[in-house]
Every structure is written in C-alpha cells, then in structure tokens.
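Have a look at the structure below before the remarks.
Letters A, B, ... mirror the listed sequences (proteins, then strands); counts begin at 1. Atoms considered below: every heavy atom in the structure, side chains included; atoms not considered: hydrogens, waters and symmetry mates.
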There are 2 protein chains.
Amino acid sequence: MYNRAVLKRKIISTFGKSGLRNSSKRNAVIDAFVSSNTHLNTEELYSIVKSKAGIGLVTVYRTMRLLVQYGFAQEVDFQDGFTRYEINDDLSGQHEHLICIRCGHITEFKDGAIQNIERRARTKTGFSPLHHRLEIFGVCKLCREKEGHEAE
Amino acid sequence: MYNRAVLKRKIISTFGKSGLRNSSKRNAVIDAFVSSNTHLNTEELYSIVKSKAGIGLVTVYRTMRLLVQYGFAQEVDFQDGFTRYEINDDLSGQHEHLICIRCGHITEFKDGAIQNIERRARTKTGFSPLHHRLEIFGVCKLCREKEGHEAE
DNA sequence: TTAAGTGCAAATTCTTTGCAGATTA
DNA sequence: TAATCTGCAAAGAATTTGCACTTAA
C-alpha cells in the first residue's frame with residue numbers, strides 16, 4: 001500500500017524536475033486526488049477543491065491531465081458518462097473493478113491471475129504490457145438478494 | 001463463432017417482440033455492425049451506411065443505443081475519444097484487447113483464465129458476473145522493435 | 001390508421017483553448 | 001524578471017432531444 005504523503009511528495013518532485021511549478025492550487029487538486037478512496041470524476045474533484053481554495057474547474061482538468069501524463073493517475077470508465085480517475089495501479093498494486101449494472105456500486109477486487117494473462121499475452125504476441133483495466137459487469141450481492149437471485 | 005446472418009435475424013426478431021419495428025434504415029445500421037470485424041465508432045458506422053441508404057448520424061446513435069440496451073452490442077473504450085462498439089462477447093466468445101500506447105493498434109487476445117477470475121469474484125464477494133472488459137495497455141511488437149526494445 | 005422511426009437543427013454535456021492577469025522560481 | 005499557472009468566457013466535440021414528416025404494422 002502506498003503512503004499518500006509520500007506519493008504527493010513524489011508527484012511534486014517529479015513535476016518540479018520537469019519544469020512544472022509547485023503551485024498552491026494545483027497542489028490542492030493533487031491533495032484531493034491522493035486523499036480520495038473512490039473513483040472521483042472531474043466534477044467531484046472540483047466540488048472538493050473549489051470551496052477550499054477558489055479553484056476553477058479548468059485547473060482540475062489540467063491537473064488531472066498532467067497526473068495521467070506522468071503516470072500517477074489512471075482513467076477508468078464505468079460507463080456512467082464520466083471519466084473517473086484512480087491512483088495508478090502500478091503504485092498501489094493491481095486491482096479489478098466489479099461494477100453492478102443495477103445499482104452502480106463498484107467493488108474493488110484483487111486477483112493475481114491477471115499477471116499470468118499479461119505474461120501469456122507477451123509470450124504469444126510479443127506485446128509488452130504496462131498496465132491494464134479489467135472491469136467485470138454484473139449484479140452485486142445486495143441486488144441479487146433483492147431480486148431473489150433471479151440474476152443467477 | 002456466431003453466424004452473422006443468424007445474429008441479424010435474432011436481433012430483428014428480438015426487436016419485433018418488443019414492439020420495435022423492422023425499419024430498413026435501422027436494418028442497414030445493424031448490417032454494418034454485425035458485418036464489421038473491427039471496433040467501429042458511430043462516425044465510422046455512419047460513413048458506411050450514409051452512402052448506401054441516406055441514413056442520418058442520429059439514426060446510427062439511436063440504433064447503437066438499442067443494440068447495447070438489448071445486449072447485442074458492447075461499448076469498448078480505447079481512450080481515443082470515441083465510444084466504439086463490438087458484438088457482445090457473450091455471443092461470440094470472450095476476448096481481451098491489447099492496446100498499443102504508441103501506435104494505437106488493437107490486438108484481440110483470448111485467454112480462458114478470465115473465467116476463473118470471474119468465478120473467484122463470485123465466490124469471494126457474491127457478485128454475479130455477466131460480462132467483462134479487459135484492456136491491456138502496453139507497447140506492441142512492432143513498436144518495440146522500432147524502439148530497440150527500450151520498452152522492455 | 002396510428003404508433004414507431006427519421007432527419008434536421010438546436011440543445012446538452014464534457015472537455016479544451018485563447019487570452020489577460022496572477023503567481024512561482 | 002520571465003516563464004508558468006489560472007480563471008473566465010468562448011470554442012470544440014460527442015451525443016441527445018424537439019418536432020414535423022415518413023414509414024411500417
């Protein structure tokens with residue numbers, strides 16, 4: 001598990017080495033991002049930081065784009081119409097998403113077998129995997145219980 | 001492997017039972033979709049059908065939405081700014097996507113281990129998987145060769 | 001006949017960009 | 001000081017919707 005304060009320092013240090021400046025507003029967005037436990041979209045990140053520091057939506061977009069470019073953030077797509085972000089799996093350990101098509105609830109799920117799939121992809125096709133996204137769509141336990149397990 | 005003519009008939013029959021009509025323009029979009037081997041986006045599907053039948057872009061959007069709703073099409077996201085569609089994996093057999101972050105080339109890749117991951121997800125969390133998306137981002141063989149395998 | 005399907009243009013929604021002023025190194 | 005950063009408003013791009021007309025059942 002990554003440490004958030006460490007991650008934040010690493011991001012700012014990496015940015016600094018690339019000629020990006022250590023701005024207080026951008027830092028507030030980085031803070032909101034590394035502190036979040038869920039998969040926030042731009043609007044949600046904005047609603048966190050705008051009260052704190054009078055930050056504009058555009059700054060959130062620009063900061064998230066940088067975080068993706070530099071490999072600290074990864075875009076995830078839960079088919080709800082928003083681009084969402086999470087801390088790059090390579091930093092925190094790979095995980096998959098179980099997405100309930102009834103209630104929209106997201107469960108994170110770890111399974112080491114993905115590593116084997118990536119290894120086979122490399123062996124069979126010469127493709128060199130860097131990171132992945134696995135989203136499994138289905139019906140969560142609670143919704144199945146509500147429906148009397150019809151979804152079985 | 002599904003048969004395309006059979007699939008098309010199945011779609012139209014399912015639509016008919018739901019009170020949707022058998023319209024020639026919608027059929028042209030369905031045709032273009034079931035005949036395609038790649039992951040077409042709306043604009044690409046439109047460019048196929050507009051010459052044939054004077055169909056509007058809006059009809060393509062509406063048809064693809066129906067195909068997704070009824071489970072015949074699945075949206076895929078290759079992070080190129082477009083929503084792309086493929087025939088639902090449940091109908092043709094599951095496959096994964098290897099996406100080259102240099103040249104954008106997509107390779108389809110089959111690996112049965114995903115079934116085991118889905119099974120473990122069900123056992124561990126009570127989640128009932130219906131379908132999944134696995135996208136592995138990395139560098140394809142050709143790009144690696146061009147780069148002298150730096151990406152290793 | 002009548003409910004569904006369609007195209008056009010307008011409206012929405014998410015995201016990016018131009019530019020003048022603010023901030024950081 | 002000099003380059004980067006920022007917010008605002010405007011522009012873009014993908015997608016949806018309102019509405020009058022067309023078509024299938």
Nucleotides 4-9 of chain C: which of its N/O atoms have a protein N/O under 3.5 Å away?
from, atom 1, to, atom 2, distance (Å)
dA4(C), O4', Arg21(B), NE, 3.3
dA4(C), O4', Arg21(B), NH1, 3.4
dG5(C), OP1, Arg21(B), N, 3.0
dG5(C), OP1, Arg26(B), NH1, 3.1
dG5(C), OP1, Arg26(B), NH2, 2.2
dG5(C), O3', Ser23(B), OG, 3.2
dT6(C), OP1, Ser23(B), OG, 2.4
dT6(C), OP1, Arg26(B), N, 3.0
dG7(C), OP1, Gly54(B), O, 3.1
dG7(C), OP1, Gly56(B), N, 2.7
dG7(C), OP2, Gly56(B), N, 3.1
dG7(C), OP2, Thr59(B), OG1, 2.0
dG7(C), N7, Arg62(B), NH2, 2.8
dG7(C), O6, Arg62(B), NH2, 3.4

Kindly indicate, with the supporting measurements, whether the criterion salt bridge (charged side-chain N to carboxylate O under 4.0 Å, His left out) is fulfilled by Lys8(B) and Asp31(B).
CA-CA 7 Å; Lys8(B) 191 186 167 190; Asp31(B) 247 340; 3.1 Å; yes
Please list, chain by chain and in numerical order, all residues satisfying ring pair (Phe, Tyr, Trp, His ring centres under 6.0 Å) with [X], sequence neighbours excluded.
X         : result
Tyr61(A)  : none
Tyr85(A)  : none
His131(A) : Phe137(B)

Gap between atoms [atom1] and [atom2], on [X] and [N] respectively (whole Å):
X        : N       : atom1 : atom2 : answer
Phe82(A) : dA14(D) : CZ    : P     : 19 Å
Gln69(A) : dT16(C) : CD    : P     : 10 Å
Glu44(A) : dT15(C) : CD    : P     : 12 Å
Gln79(B) : dT15(C) : CD    : P     : 12 Å
Arg84(A) : dT15(C) : CZ    : P     : 11 Å
Asp80(B) : dT15(C) : CG    : P     : 15 Å
Phe15(A) : dA25(C) : CZ    : P     : 14 Å

Per the end-axis method with five pairs at each terminus, what is the bend angle of the helix from dT1(C)-dA25(D) to dA25(C)-dT1(D), to 10°?
30°
Measuring to OP1 and OP2 of [N], would you say a side-chain N or O of [X] lies under 4.0 angstrom away?
X        : N       : value
Arg65(B) : dT17(D) : yes
Thr83(A) : dC14(C) : no
Tyr61(B) : dT16(D) : no

Going by salt bridge (Lys or Arg N to Asp or Glu O under 4.0 Å), name the residues that satisfy it together with Glu108(B), two or more places apart in sequence or in a different chain.
none
Answer whether the closest heavy-atom distance between the side chains of Leu134(B) and Arg133(A) falls below 4.5 Å.
no
Testing the 3.5 Å rule here: is there a donor-acceptor pair between the side chains of His132(A) and Glu96(B)?
no
Matching residue for Asp111(B) among Arg120(A), Arg119(A), Lys124(A) - test: salt bridge (Lys or Arg N to Asp or Glu O under 4.0 Å)
Arg120(A)
May I have the step-by-step check of ring pair (Phe, Tyr, Trp, His ring centres under 6.0 Å) for Phe78(B) and His97(B), ending in yes or no?
CA-CA 9 Å; Phe78(B) 296 155; His97(B) 297 118; 5.0 Å; yes
